[in-house]
Amino acid sequence: MGTPPGHSPETAILEAIRAVPRGQVAGYGVIARRAGLPGRARLVARILAANEDPGLPWHRIVRSDGRIAFPPGSPGYREQARRLVAEGVPLQGGRVRMPADDGSLDAAIWSPR
DNA sequence: CTGATGACGGCGC
DNA sequence: TGCGCCGCCATCA
């Protein structure tokens with residue numbers, strides 16, 4: 001029908017971000033792919049930077065290597081780290097512990113053990 | 001229009 | 001693991 005998901009890239013990306021469950025993290029590239037925009041990781045970052053929705057779980061979005069995208073020590077960095085820990089996501093040196101790739105396509109989506 | 005910048009990602013060393 | 005280089009995309013000077 002005439003209700004294709006995500007009429008605009010921004011909407012699709014925001015939806016993908018909101019789809020990340022609490023206590024889990026996802027990479028920018030993963031969000032972009034889930035939004036139907038493979039390779040648009042940078043667009044995801046731009047959307048987040050412009051986002052004003054306080055209900056958006058922006059803190060669950062990290063880089064593909066599990067690191068927080070903000071510069072270490074910056075306000076954004078601290079806030080994201082604080083929120084992640086508050087949700088039960090352990091950080092090590094500002095880096096989310098990534099899982100050993102066991103062949104699951106969900107490797108980019110990590111859940112705390 | 002060209003060049004630089006950025007909440008990125010992948011690959012090579 | 002850390003660092004550098006390059007590719008990709010959108011916005012700004």
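As a basis for the values below, the full set of heavy atoms in this structure was taken, side chains included, without hydrogen atoms, waters or symmetry mates. Small disclaimer: the values here were computed from a predicted structure and weren't measured. In the text below, chain A, chain B and the rest are named by the order of the sequence lines, each starting its count at 1.
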* Structure fact -> For C:dA13, the nucleotide meeting Watson-Crick or G-U wobble distances (both under 3.5 Å) is B:dT2
* Structure fact -> From the candidates C:dC8, B:dG9, C:dT11, the one with an atom nearest any side-chain atom of A:Tyr28 is B:dG9
* To do: Report yes or no: does A:Arg83 contribute a side-chain atom to a donor-acceptor pair with the main-chain N or O of A:His59 at less than 3.5 Å?
  => no
* Which one, B:dG10, C:dC8, B:dC8, comes nearest to the side chain of A:Ser64? -> B:dG10
* Structure fact -> In terms of heavy-atom contacts, A:Ile61 and A:Gln80 come closest through O-NE2, 2.8 Å
* **Atom-to-atom span, CG of A:Leu43 to C1' of C:dC9 - whole angstrom** => 7 Å
* Using a cut-off of 4.0 Å on non-hydrogen atoms, how would the nucleic acid contact of A:Gly76 be classed: base, sugar-phosphate, or nothing? -> nothing
* To the nearest Å, give me how far apart CD1 (A:Ile17) and P (B:dA7) are. => 15 Å
* To do: Grab the CG-C1' distance between A:Leu14 and B:dA7 for me, whole Å please.
  => 14 Å
* Nearest-angstrom distance from the residue atom CD1 of A:Ile13 to C1' of C:dA10 -> 11 Å
* Asked: According to a strict under-4.0 Å criterion, is A:Arg67 in side-chain N/O contact with OP1 or OP2 of C:dG2?
  -> yes
* Specify the closest pair of heavy atoms between A:Ala69 and A:Tyr28, including all atoms of both residues, with the distance to one decimal. => CB-OH, 3.2 Å
* To do: Return the value, rounded to whole Å, for the distance between atom CD of A:Gln92 and atom P of C:dT1.
  => 11 Å
* Atom-pair distance (CZ on A:Arg33; C1' on C:dC9), nearest Å -> 17 Å
* Structure fact -> Picking from B:dA7, B:dC8, C:dC8, the nucleotide nearest the side-chain atoms of A:Arg40 would be C:dC8
* To do: Report the distance from atom CD1 of A:Ile68 to atom P of B:dG9, rounded to the nearest whole Å.
  => 14 Å
* Figure out the CZ/P separation between A:Phe70 and B:dG6, and round it to whole Å. => 13 Å
* Of the non-hydrogen atoms in A:Pro90 and A:Gly88, which two are nearest, and what is the gap between them? -> CD-O, 3.1 Å
* Report yes or no: is there a donor-acceptor pair, N or O only, under 3.5 Å between the side chain of A:Arg42 and the base of B:dC8? => yes
* To do: Starting from the C-alpha separation in whole Å, work towards a yes-or-no answer on salt bridge (charged side-chain N to carboxylate O under 4.0 Å, His left out) for A:Glu15 and A:Arg34.
  => CA-CA 9 Å; A:Glu15 285 294 303; A:Arg34 285 190 167 193; over 6 Å; no
